[in-house]
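Inspection log for the structure reproduced underneath, given as structure tokens.
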Amino acid sequence: MDAITDFMAEDHRSCDALFVAVEQAVARGAWQAAGNEFRRFHDAMLHHFAAEESVLFPLFEQRTGMYRGPTQVMRGEHSQIRQLLSAAESALAESNADDYAGTAETLLIMLQQHNVKEENVLYPMCDQYLADQLETLLPELQKQIAGEERLSR
Amino acid sequence: MQALLSFEQAPPFAAPLRFFLTAPLFAMLAGMLLLWTGPGLLASRWTPAALALTHLITVGFLLQVMLGAMIQILPVVAGANMLRPGLLASLVHAAIVPGALLLTAGFLTFQPLAYWLAAILLGGGALLFVGVAGHALFVVPSTNPTIRGLKLSLPSLTVTVGLGGSLAAGLAGSLQLPLQQLASIHLTWGLVGWGVILLATVAFVVVPMFQITPPYPAWFARSFAWSLLTLLCCWSLVAGWQWPGGALLAGAVVLHVVAFAALTLHVQSRSKRASFDATQRLWQVAMLCALAACSVWYAGTTVPELDDRLEWLCGVLALLGGFMSVTIGMLYKIVPFLVWLHLQNQGAGRVLAPSMHKVIAARQIERQAQSHFLSLALLLAAVVWPEWLAYPAGLAIVLANGWLLRNLLAAVAFYRRHRLRIAAVASADGTRR
């Protein structure tokens, strides 16, 4: 019933855990560890976006005919989040804790308000329209999220 | 489904901002009223000045911020798009602000006309909001506790405002009503039915997501709003007709608040964030105050001779300690984020918006939060020693909310400065082409 919502929301929570790992390393002043953790977070985010932009959204658009609806908004927000990820990466490269904290806070709120929209509105719509596709869709999403497909950077 | 097609349609920045900027002015007025009236205001919660002060905080400060925030968050958390949010915000704001001032004037001058105008303006403003928000939410399926909670908070606001309007008519001398009985039902619907249900609904989303905590138990989030609303309806009938069992039902309502506050503290204690910021502290103090307010309420039912002071303590803990603390904490996230978001959109990728931390300096936020805590402590102490502390408490409320206004205006000034920068870059680009 809520298979897509549950699956994708769980990946949001995994990304949150990776975000926290970076923040904690920065708070300890462990810049190298922070850099490593950030790469994991960054990759997980891009894999998640790839799963949505190349698998879930096109299928939803095809099924509903809504090409300029919520999926278009989500793609726009992905691009804003990518910009914030780059800014956070630069702050880490300069070992600038204040800049990182400011960008990370902005990134967190941007990300979470984006997640709320997806989890409360878009994914439930996907569950409603794509219920008959779950058998092929979920493994495909899993593959993208695990990074087995090339990243569409 | 049509309503879901464009959930990017964020309302214009001015829509929520107008509420956020005028709210601290009302809290400042509340402090000034205490300075003007002195210790006499605290003699009983039924003094005209005490009623005026309470409504400056509840309608002037809390209701305003809640309405402004709801206009902003309905499209985000529920995909519910309100019709013309900019116009709605202007109309509701234009009704609520003079309505709150006239209500204060009514309490202080006993002028029937002031009560009538206040009832018409506040009733009209709130019902317009409920109508438009209800229409937007109606088409959205209740797929989760947040959407359900938002829907359920609206009837509570309607009941609160409806009872408030009747009470105003009663005070204006046009209706013969059991005023004290109705007032107690009115305030319970306002604080618990509207306030706690809305706050809990928002908490179920924002605490886990922004403080990175485990979620609230699913059964709790799912049943909280429904169960509280059902109890409130039963209690109101029992209290209205003075049937037996009122105390038991009231106890069950208070237990819901205790459970929510305790659970929020528990969830928050498991936050994985590396640092504990002012907003998290404001939430924590708010939940501790909510628990304290519930304990004081319970003490009031067992030691009736202390009733009068305990009622005051309960009210100050709930309003200043609970609702105001959370509201201030939320403003410090919502306003800088909206500044960033609108600048980022206007910059269209060519000019990157500075991060949220640059919008209001963290030190200013920390210090303002401390000044708010000081005003809370002084007002609590003033309830016990009014002769000594009523004036310092009034002054502290004026200062803490003046500081809040200053911080919010700093965010607006920052926004305007960067808009000019974006316009300059855009016109330079245009010239180059």
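First the proteins, then the strands, lettered A, B, ... as listed; each starts at 1. All values below were derived from every heavy atom in this structure, side-chain atoms included, with hydrogens, water molecules and symmetry-related copies excluded.
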At a 4.5 Å cut-off on heavy atoms, which part of [X] comes close to chain B: side chain, backbone, both, or neither?
{"X": "A:Ala104", "result": "neither"}
{"X": "A:Gln112", "result": "both"}
{"X": "A:Arg28", "result": "neither"}
{"X": "A:Leu107", "result": "neither"}

| Can you list every salt bridge (charged side-chain N to carboxylate O under 4.0 Å, His left out) pair that touches residues 99-110 of chain A, not counting sequence neighbours? |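 For residues 99-110 of chain A, and leaving out neighbouring residues, the salt bridge (charged side-chain N to carboxylate O under 4.0 Å, His left out) pairs sorted by first residue read A:Asp99-B:Lys358, A:Glu105-B:Arg273, A:Glu105-B:Lys333.
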Just list the side-chain donor-acceptor pairs under 3.5 Å for residues 65-77 of chain B, sequence neighbours left out, or say none.
none

| With B:Arg148 via salt bridge (charged side-chain N to carboxylate O under 4.0 Å, His left out) - residues at least two apart |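 In terms of salt bridge (charged side-chain N to carboxylate O under 4.0 Å, His left out), with neighbours along the sequence ignored, B:Arg148 is linked to no residue.
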| said: Using only non-hydrogen atoms and a strict under-4.5 angstrom cutoff, which residues of residues 16-25 of chain A touch chain B? | reply: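 Hits under 4.5 Å: A:Asp16, A:Phe19, A:Val20, A:Glu23, A:Gln24.
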| field | Residues A:Arg75, A:Glu61: salt bridge by 4.0 Å N-O rule | value |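 Between A:Glu61 and A:Arg75 there is a salt bridge, with a charged N closer than 4.0 Å to a carboxylate O.
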| Would you call A:Lys117 and A:Glu77 a salt bridge, taking side-chain N to carboxylate O under 4.0 Å as the test? |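 Salt bridge present between A:Lys117 and A:Glu77.
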Quiz question: by atom type and distance under 3.5 Å, do the side chains of [X] and [Y] form a donor-acceptor pair?
{"X": "A:Tyr129", "Y": "A:Gln62", "result": "no"}
{"X": "B:Tyr216", "Y": "B:Thr264", "result": "yes"}
{"X": "A:Gln144", "Y": "A:His47", "result": "no"}

| Heavy-atom distance under 4.5 Å to chain A: side chain of B:Phe210, backbone, both or neither? |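 B:Phe210 touches chain A through backbone and side-chain heavy atoms alike.
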| message | Please check this pair: side chain of B:Ser275 against backbone of B:Asp277, looking for a donor-acceptor N/O pair closer than 3.5 Å. | response |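 Absent.
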| said: Counting heavy-atom pairs under 4.5 Å with chain A, which one of B:Ile212, B:Thr143, B:Thr146 comes out on top? | reply: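 Result: the option with the highest number of such pairs is B:Ile212.
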